[in-house]
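Owing to the predicted nature of the structure, the values given are computational and were not obtained by experimental measurement. All values below were derived from every heavy atom in this structure, side-chain atoms included, with hydrogens, water molecules and symmetry-related copies excluded. Chain naming here is simple, since letters A, B, ... match the order of the sequence lines and numbering starts at 1 in each.
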Protein chains: 2
Amino acid sequence: MAHSLWRCGRHRTGAVFELFFRDNPFGGGFTIFAGLQNSCANVSLFLCLSLLTCLSLSLSLSLDPVFVCVCVSYVNASPSLSLSLQVALMEVSGPLAVVQLLETPLLNLVNYASLVATNAARFRLLVGPRIKLFELGLRRAQGPDGGLSGSKYSYIGGFDYTSNLLAGKLYGIPVRGSMAHSYITSFTSISELTFQTLKPVGDGAAVDFVGLSERWLGRVCRLLEESEEFPDAGERAAFISFALCYPSNFVALVDTYSVRRSGLPNFCAVALTLDELGYRAIGVRLDSGDLRQQSLHCRSVFRACSQTFEVPWFANLSIMASNNISEENLKELQCQEHEIDYIGVGTNLVTCPLQPSLGCVYKLTEVNGKARIKLSEDQSKTTLPGRKNSYRLYSPDGHPLLDLLTLHSEEAPRAGEEVQCCALGRKMERLQVTAANVEPLLSVYFERGQVRASSAKLGAGVRGWGAGGK
Amino acid sequence: MAHSLWRCGRHRTGAVFELFFRDNPFGGGFTIFAGLQNSCANVSLFLCLSLLTCLSLSLSLSLDPVFVCVCVSYVNASPSLSLSLQVALMEVSGPLAVVQLLETPLLNLVNYASLVATNAARFRLLVGPRIKLFELGLRRAQGPDGGLSGSKYSYIGGFDYTSNLLAGKLYGIPVRGSMAHSYITSFTSISELTFQTLKPVGDGAAVDFVGLSERWLGRVCRLLEESEEFPDAGERAAFISFALCYPSNFVALVDTYSVRRSGLPNFCAVALTLDELGYRAIGVRLDSGDLRQQSLHCRSVFRACSQTFEVPWFANLSIMASNNISEENLKELQCQEHEIDYIGVGTNLVTCPLQPSLGCVYKLTEVNGKARIKLSEDQSKTTLPGRKNSYRLYSPDGHPLLDLLTLHSEEAPRAGEEVQCCALGRKMERLQVTAANVEPLLSVYFERGQVRASSAKLGAGVRGWGAGGK
């Protein structure tokens with residue numbers, strides 16, 4: 001298309017596109033707009049590459065060498081949280097050939113980012129501010145890059161941690177994880193531990209950790225009235241090896257054989273041994289079965305140990321749950337008593353099964369100052385012609401009343417003055433509204449080939465919302 | 001975990017993992033295993049990077065410098081089409097620390113690849129061999145890399161084309177597309193065409209294309225008994241500009257204003273003008289409304305033009321359809337008469353909304369020659385312990401009877417000899433089977449740090465299935 005536009009001399013014609021969506025995802029009432037920083041970075045890169053291409057092509061005659069160099073495109077974008085449908089998330093203006101080429105990249109960078117950030121926010125709203133959420137989706141994402149996007153935009157949407165080390169490294173997201181089941185099943189007995197001692201916190205000689213933990217196992221089993229024979233020795237060896245390596249970051253996956261009869265007694269024995277040497281374990285992870293019941297049981301055992309062995313912090317050990325967590329089973333969980341502090345979500349976070357795509361579109365609204373429209377047999381797909389401004393109108397007590405679309409040529413609404421408007425798609429329904437406060441929704445983020453807002457600010461602004469929810 | 005394994009001296013212990021899934025996706029009866037080539041390439045890269053890391057770490061003492069260099073891991077993998085659940089798609093064996101680190105990368109590279117290839121194959125099976133399928137999913141994929149995976153594995157699953165130019169460039173997938181609605185709405189009148197002539201095929205002076213096409217429009221409108229006033233001049237200008245640029249590759253998007261009253265007459269006028277100059281247009285694309293009815297109408301118009309204007313090829317112009325195509329509406333379409341030759345699928349192909357993730361897992365089956373198991377309260381999540389071989393047993397007429405799992409230490413089944421076996425999960429149900437032919441399912445693809453099969457062969461083998469379906 002760009003080549004064809006150049007052939008008929010229209011590549012530099014000024015054009016304005018709008019990027020917007022028609023329905024909030026998941027049948028919900030909001031969408032978090034994400035992907036702006038990445039979009040700006042990519043438009044910037046695209047313009048640089050285009051410039052290089054133009055220079056290299058200046059030797060041939062197949063494309064006009066000044067094709068892109070003259071570009072002054074700019075991106076107007078709305079803040080991170082969008083409430084109204086059909087209000088542009090982005091307005092992109094510049095030479096027709098350039099801004100048309102940006103359609104697919106911008107849709108690719110905004111659609112999934114906004115979808116997964118919104119999905120993450122729904123999880124956050126569901127669990128409230130107390131529970132920590134960690135993202136575990138890399139295995140089910142669309143390749144490595146899909147996994148990185150999942151981690152980044154889940155964090156923006158309100159998650160606390162990711163298990164994706166590279167995402168932690170690249171985006172500064174706090175990383176959390178525990179061990180794999182295979183780590184545990186790879187051990188069969190205590191004798192496999194070639195390294196069995198640990199130095200106490202502060203000064204002191206290394207002590208026999210294995211011997212100490214065996215004694216603690218006996219005490220724990222007597223307290224819980226469980227047989228000392230049952231807790232799997234291989235599982236205990238795995239826990240000990242992990243504790244010796246990370247004495248201040250000990251988290252154990254306790255459901256490999258049996259939470260109640262093996263994982264939990266083994267964990268308590270190792271964690272109490274750590275306590276004796278001055279370290280504090282972090283907690284346990286549950287990954288199968290009835291997570292709610294198991295969490296109640298874990299907490300009661302932690303409290304019993306705390307009281308019996310006089311270790312106050314033991315009652316407050318963290319309990320992490322994962323295993324196909326979805327909105328639906330979280331809703332159920334939240335209605336009942338449970339003791340889970342951390343929830344890990346993978347598949348149902350990054351693949352968004354309730355609606356795995358956001359339908360953002362990128363439509364031409366103006367060419368050479370003239371409004372343009374796309375008609376459709378499907379009325380909802382007909383575009384709103386003309387370049388527009390958008391404003392959020394607030395009531396005196398600070399609540400948003402509505403988002404107002406105006407033509408770009410119209411005057412901005414003013415606080416305290418009555419505005420006549422009509423509801424989208426219902427032309428006959430006139431409204432009068434007087435706003436106590438008017439907020440313009442579009443700001444310039446990219447202009448004359450440069451990102452205007454600092455990228456740090458972009459990231460911080462977006463993250464602010466998620467953090468505010470907690 | 002790897003660090004911890006090194007600390008307790010178990011990083012070089014021999015281990016075997018299996019990568020498998022428990023249920024076919026989309027409630028279907030098969031899964032196409034894809035992602036093997038990419039997995040081998042990434043394991044190779046991983047080992048190189050690990051080696052570099054080890055060298056750089058040899059200056060510090062935080063990790064053992066010979067940690068990975070000793071690696072001789074290998075990947076046994078089954079062919080591209082897998083029919084039985086719990087049969088390993090991959091067996092990965094090598095030093096425990098190394099093969100454990102491969103869990104997440106391999107799951108990431110196989111899960112989505114296999115899911116989308118299977119989804120693509122379902123579309124192919126639904127439409128049969130005649131209709132061409134093109135992939136349009138980039139805008140809804142999980143970032144740019146997700147889009148590339150979508151294109152690549154849709155092609156492997158049986159699609160013919162992609163609209164993703166980079167995928168075409170990187171993987172050699174044939175690329176197809178047409179114009180955007182915005183390309184059409186960016187034109188308002190014929191006067192915007194600064195370039196209005198075209199040379200006929202072969203020799204001859206450039207002729208006035210615009211004048212010729214206006215005359216053809218008159219003839220077409222008289223034939224169709226439509227007003228000559230209605231076809232949008234801007235749309236026609238867009239079609240002409242595209243035809244002048246690509247006279248041998250002219251495809252027009254005809255639903256911007258009205259297929260019947262504007263898009264189709266405009267297309268016919270331009271395509272008949274091309275014919276007069278010796279070029280053949282390719283066809284039209286429909287992107288909204290009742291695609292089936294529109295395709296019937298388009299075909300009847302093409303036939304009428306073909307007969308009236310004596311242009312035989314015009315009756316066979318291609319009709320392409322897109323617009324939220326799903327398995328469900330394709331099933332409906334296939335039950336009725338239609339004239340669609342090409343179908344474009346985007347969102348419902350790459351995001352796999354019927355089931356947006358495949359649940360492949362990666363489980364430890366053997367350490368140091370000893371079988372290992374992961375138990376679970378959820379019976380279906382308990383693993384099958386021990387290293388295994390798998391065979392496909394065939395009947396005398398070449399039909400697969402069953403896939404047989406044996407322990408690695410057991411003898412392979414032989415053709416013509418009765419085998420006693422039992423159905424997975426139903427130990428009491430004994431079967432006797434005598435196979436006319438026995439095919440081992442696992443082959444070595446990666447050994448001693450090297451990809452063993454050539455990557456070209458890997459790709460070709462996998463693609464073979466999709467192509468065979470047509």
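At a threshold of 4.5 Å between non-hydrogen side-chain atoms, the residues A:S4 and B:Y183 count as touching. Here the side chains of A:N111 and B:R140 are in contact, with some heavy-atom distance below 4.5 Å.
Interface residue B:V350: only backbone heavy atoms are found under 4.5 Å from chain A. For A:Y153, no part lies under 4.5 angstrom from a heavy atom of chain B. Contact of A:L109 with chain B is made through the side chain alone, with heavy-atom distances under 4.5 Å. Looking at A:A141, both its backbone and its side chain come within 4.5 Å of chain B, counting heavy atoms on both sides. Of the two parts of A:R10, only the side chain, counted from C-beta on, holds a non-hydrogen atom closer than 4.5 Å to a non-hydrogen atom of chain B. With a threshold of 4.5 angstrom between heavy atoms, A:T365 does not approach chain B through any atom at all. Residue A:L115 does not touch chain B at all, counting heavy-atom pairs closer than 4.5 Å. Using a 4.5 Å cut-off between heavy atoms, A:D232 does not touch chain B at all. Of the two parts of A:E103, only the side chain, counted from C-beta on, holds a non-hydrogen atom closer than 4.5 Å to a non-hydrogen atom of chain B.
In this model, no donor atom of one side chain and acceptor atom of the other lie less than 3.5 Å apart for A:Y362 and B:S182. Neither side chain, A:Y112 nor B:T351, offers a donor N or O lying under 3.5 Å from an acceptor on the other.
Heavy-atom minimum distance, B:L5 versus A:S186: CD2-OG, 4.4 Å. Counting all heavy atoms, side chain and backbone alike, A:K370 lies closest to B:T188 at NZ-OG1, 4.2 Å.
With respect to chain B, the highest number of heavy-atom pairs below 4.5 Å among A:S149, A:S241, A:S178 belongs to A:S241. Your options are A:T194, A:N324, A:N42, A:L358, and the one with the most heavy-atom pairs under 4.5 Å with chain B is A:T194. With chain A as partner, the option from B:L193, B:T347, B:T104 having the largest number of non-hydrogen pairs under 4.5 angstrom is B:T104. Top candidate by heavy-atom pairs under 4.5 Å with chain B, chosen from A:G146, A:C8, A:S258, is A:C8. The greatest number of non-hydrogen atom pairs below 4.5 Å with chain A, out of B:S357, B:A237, B:C245, is found for B:C245. If you tally non-hydrogen atom pairs under 4.5 Å between each of A:Q355, A:H181, A:Q196, A:E366 and chain B, the highest count goes to A:H181. Counting heavy-atom pairs closer than 4.5 Å to chain B, the top-ranked of the candidates A:F187, A:Y246, A:F17 is A:F187. Note on B:N108, B:T383, B:L96: by heavy-atom pairs under 4.5 Å with chain A, the leading option is B:N108. For chain B, the option among A:A180, A:G359, A:P144 with the highest count of heavy-atom pairs below 4.5 Å is A:P144.
Checked by atom type and distance alone, the side chain of A:E192 never pairs as donor or acceptor with a backbone atom of B:G9 at under 3.5 Å. Looking only at distances, a side-chain donor or acceptor of B:D145 sits under 3.5 Å from a matching main-chain atom of A:D145. In this structure a side-chain-to-backbone donor-acceptor pair under 3.5 Å is present from A:R372 to B:T185.
A distance of 11.0 Å separates CD in B:Q142 from CG in A:L148, rounded to the nearest 0.5 Å. The structure places CZ of B:R7 at 12.0 Å from CZ of A:F242, a figure rounded to the nearest 0.5 Å.
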